[in-house]
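Data first, discussion second: the structure below is written as structure tokens.
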Amino acid sequence: MRNIFRIKSLSLVGLLAAALLVAVMASPSQTPAPGQQPPAVAPQSPAPPPVISSPAPGSVPAPVSAPAPQGRLNVVVLDPAHGGTDPGARGTGGIRESEIVLGFAMEVRRALEQQGFQVVQTRQGNENPSFDDRSAIANAQRGAVFVTLHISSTGLPDTARVYVNSDLPPVTDSNGMIPWERAQAPFLGLSRTFGDLVQGFLAQRFKGSPETSQAASVRQLRTTAAPAIAVEISSVTVEDRADLDRMAPGVADAIARGAAAFKPSYVVPAASGALP
Ligand SMILES: [Zn+2]
């Protein structure tokens with residue numbers, strides 16, 4: 001499969017998102033309120049604008065939400081990792097990562113919605129969308145952050161770590177488009193800011209967790225054109241599943257507080273050039 005596609009070959013999701021975005025932008029109710037205060041934190045935005053090439057069309061489920069109004073972060077794409085024929089990490093007590101992360105996702109969703117975020121999940125049940133399908137759901141949004149949830153097979157029980165993708169030198173093709181495989185490159189600084197905020201809240205709750213996020217090569221993050229983090233909870237080796245489930249409210253609270261703290265520092269890039 002070629003990994004560079006033109007805008008013409010945007011997937012169905014992209015076209016739907018484009019149509020919705022046009023509808024949103026055409027609405028007079030979307031103009032900023034007068035007297036709106038500038039964000040307190042120096043805002044960052046990715047550069048160059050993320051014109052991302054699309055994966056193969058036709059295989060991506062439609063997102064359940066409209067794109068965010070331009071300029072605001074209000075969508076969190078939540079990815080319970082693994083699923084379907086891929087159980088992820090497995091503990092001796094029969095604990096499956098793919099099941100535990102679904103339970104975590106419910107808690108995280110609730111906490112994010114309480115903070116006023118709209119949540120889009122990459123899977124609701126025991127399906128296993130591809131890495132590209134999951135990234136495509138985030139990449140079809142405008143103004144989203146992406147959080148993938150994992151349970152590790154190692155690490156001190158009752159700790160949690162945040163990973164951001166390791167450095168990806170930005171590359172554009174001769175048409176100025178960013179290859180799908182490098183979609184995360186323009187967002188790495190933002191991902192680090194978001195990751196450090198979430199990790200800080202996790203460290204307060206779960207003693208022994210790191211103080212800052214760590215860089216790693218994470219396949220799911222690499223193709224995601226949004227500030228994106230992986231949250232990994234230790235671990236499937238606990239005897240009793242309840243020991244993991246008990247962590248869910250604290251993890252959810254840390255992610256929601258991290259997203260809320262991150263929100264003022266993220267200026268969602270303008271749509272110019274990204275969509276037809
Ligand atoms: Zn995993």
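Whatever order the structure lists them in is the order used to number ligands and atoms, beginning at 1. Predicted, not measured: the structure shown is a model, and the values here were computed from it.
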Assess the side chains of Arg222 and Ser135: does a donor N or O sit below 3.5 Å from an acceptor N or O? no
With Glu99, which residues qualify under side chain to side chain donor-acceptor pair (under 3.5 Å), at least two apart? none
Kindly compute the distance separating CG (Asp243) from OG1 (Thr237), expressed to the nearest 0.5 Å. 10.0 Å
Separation between CZ (Phe131) and OG1 (Thr148), nearest 0.5 Å, reads 8.5 Å
Could you please give the number of protein N/O/S atoms within less than 2.8 Å of the Zn ion (ligand 1)? 3
Show the nearest heavy-atom pair for residues Ala144 and Ala226, with the distance to one decimal. O-CB, 3.4 Å
Check: Gln214/Arg161 side-chain N/O donor and acceptor closer than 3.5 Å: no
